[in-house]
Amino acid sequence: MKVLTAAIFFALLIACSPEPKGILAEDETAAIQSAGSGSFKLANREIREETLQMLADAGIEYWIGDDGAINYNLADGEAIDRIGNDVILTYIRRN
């Protein structure tokens, strides 16, 4: 009887233990954005030059990789998306 009681006690103890804390999605996104870099390539010379000019005007840190890709910090991703959309839409309107 003691063995059965002990087994039930341990089963309840294990079943009722708190769930281990994991990383929240928001924390994970913040960690990814604060560390690391991304890159993209632009084949069109006119769009590329205008994008680089707007990045410099906005004070966004970027660098050109050996393969010609424009590298940037992931924390600046949203601003770069806005700039890219503006440049491409302007190019489309002109042509």
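In this chain, residues are counted from 1 in sequence order. Values reported hereafter were calculated over all heavy atoms of this structure, with side chains retained and with hydrogens, waters and symmetry mates removed.
- A heavy-atom distance below 4.5 Å is found between the side chains of Asn73 and Trp63.
- Criterion: ILVMFWY side-chain heavy atoms under 4.5 Å apart, direct or through other members. Under it, Leu42 and Leu89 are not part of a common hydrophobic cluster.
- Side-chain contact between Lys41 and Ile70 is absent, with no heavy atoms from C-beta onward closer than 4.5 Å.
- Under a cut-off of 6.0 angstrom, the local environment of CG in Asp66 is sparse, with at most 12 non-hydrogen atoms contributed by other residues, nucleotides or ligands.
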Could you go through Asn44 and Tyr91, starting from their C-alpha distance and side-chain angles, then the distance that decides it, and tell me whether this counts as side chain to side chain contact (heavy atoms under 4.5 Å, CB included)? CA-CA 10 Å; Asn44 184 296; Tyr91 178 80; 3.1 Å; yes
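- Closest approach of Glu61 to Asp76, counting heavy atoms only: N-OD2, 4.1 Å.
- Within the 4.5 Å cutoff, the side chain of Ile64 has heavy atoms near those of the Leu52 side chain.
- Salt bridge annotation for Arg45-Glu50: absent, with no cationic side-chain nitrogen under 4.0 angstrom from a carboxylate oxygen.
- Annotation: the span from Ser39 atom OG to Tyr72 atom OH amounts to 7.0 Å, rounded to 0.5 Å.
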Check the pair Asn71, Phe40 against side chain to side chain contact (heavy atoms under 4.5 Å, CB included), reporting the backbone distance first and the verdict last. CA-CA 7 Å; Asn71 298 299; Phe40 60 94; over 6 Å; no
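- Shown here for Ala79 and Ile60, the closest heavy-atom pair between the two residues is CB-CD1, 3.7 Å.
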